Amino acid sequence: MKKELVRCKDCANGRTPKDIVVRCMVLGVGKVANAYRYCEKFYPKEISKSKKA
C-alpha cells in the first residue's frame with residue numbers, strides 16, 4: 001500500500017489515551033488527532049466497523 005496523507009484519528013489502528021493525542025497501535029507513535037501524516041499502515045474506521053457487523 002502506498003503512503004497516504006491521513007489523520008490518525010480516522011484510522012482503525014488509532015486509540016485515544018487523551019483527548020488531544022492519538023496513539024497508533026501499529027506504529028507505536030503519538031500524534032495530535034487532527035494533524036495529518038503520511039502512513040502506509042492506515043486502515044479506515046468505517047471499514048473496520050462494517051466488518052464486525
Side-chain angles (χ1 to χ4, degrees):
M1 181 182 206
K2 69 180 179 103
K3 288 188 178 185
E4 295 182 53
L5 189 60
V6 295
R7 293 188 304 180
C8 292
K9 77 174 197 171
D10 296 331
C11 182
N13 296 320
R15 56 189 161 121
T16 54
K18 294 183 180 178
D19 294 335
I20 299 172
V21 177
V22 176
R23 183 157 294 279
C24 180
M25 291 186 288
V26 175
L27 301 176
V29 296
K31 192 79 173 168
V32 177
N34 287 328
Y36 283 87
R37 68 177 293 151
Y38 283 99
C39 181
E40 54 190 20
K41 305 289 186 184
F42 178 76
Y43 191 72
K45 283 184 179 179
E46 295 78 35
I47 294 173
S48 66
K49 285 179 184 175
S50 62
K51 268 190 170 180
K52 292 178 186 175

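If you're wondering where the values come from, they're calculated on a predicted model, not measured in any experiment.
The minimum heavy-atom distance linking Ala12 with Pro44 is given by the pair CB-O, 4.1 Å. The two atoms that bring Gly14 and Val22 nearest to each other are CA-CG1, 3.8 Å, heavy atoms only. Taking every heavy atom of both residues into account, Lys45 and Lys9 meet most closely at NZ-O, 2.8 Å.
Cluster partners of Tyr38, by chain and number: Leu5, Tyr36. The rule joins Ile, Leu, Val, Met, Phe, Trp and Tyr whenever side-chain heavy atoms lie under 4.5 Å apart.
Residue Lys31 holds its NZ atom at 14.5 Å from CD1 of Ile20, rounded to the nearest 0.5 Å.
Residues satisfying the salt bridge (charged side-chain N to carboxylate O under 4.0 Å, His left out) criterion with Arg7, sequence neighbours excluded, are Asp10. With sequence neighbours excluded, the residues satisfying side chain to side chain contact (heavy atoms under 4.5 Å, CB included) with Leu27 are Cys24, Val29, Arg37, Cys39, Lys41.
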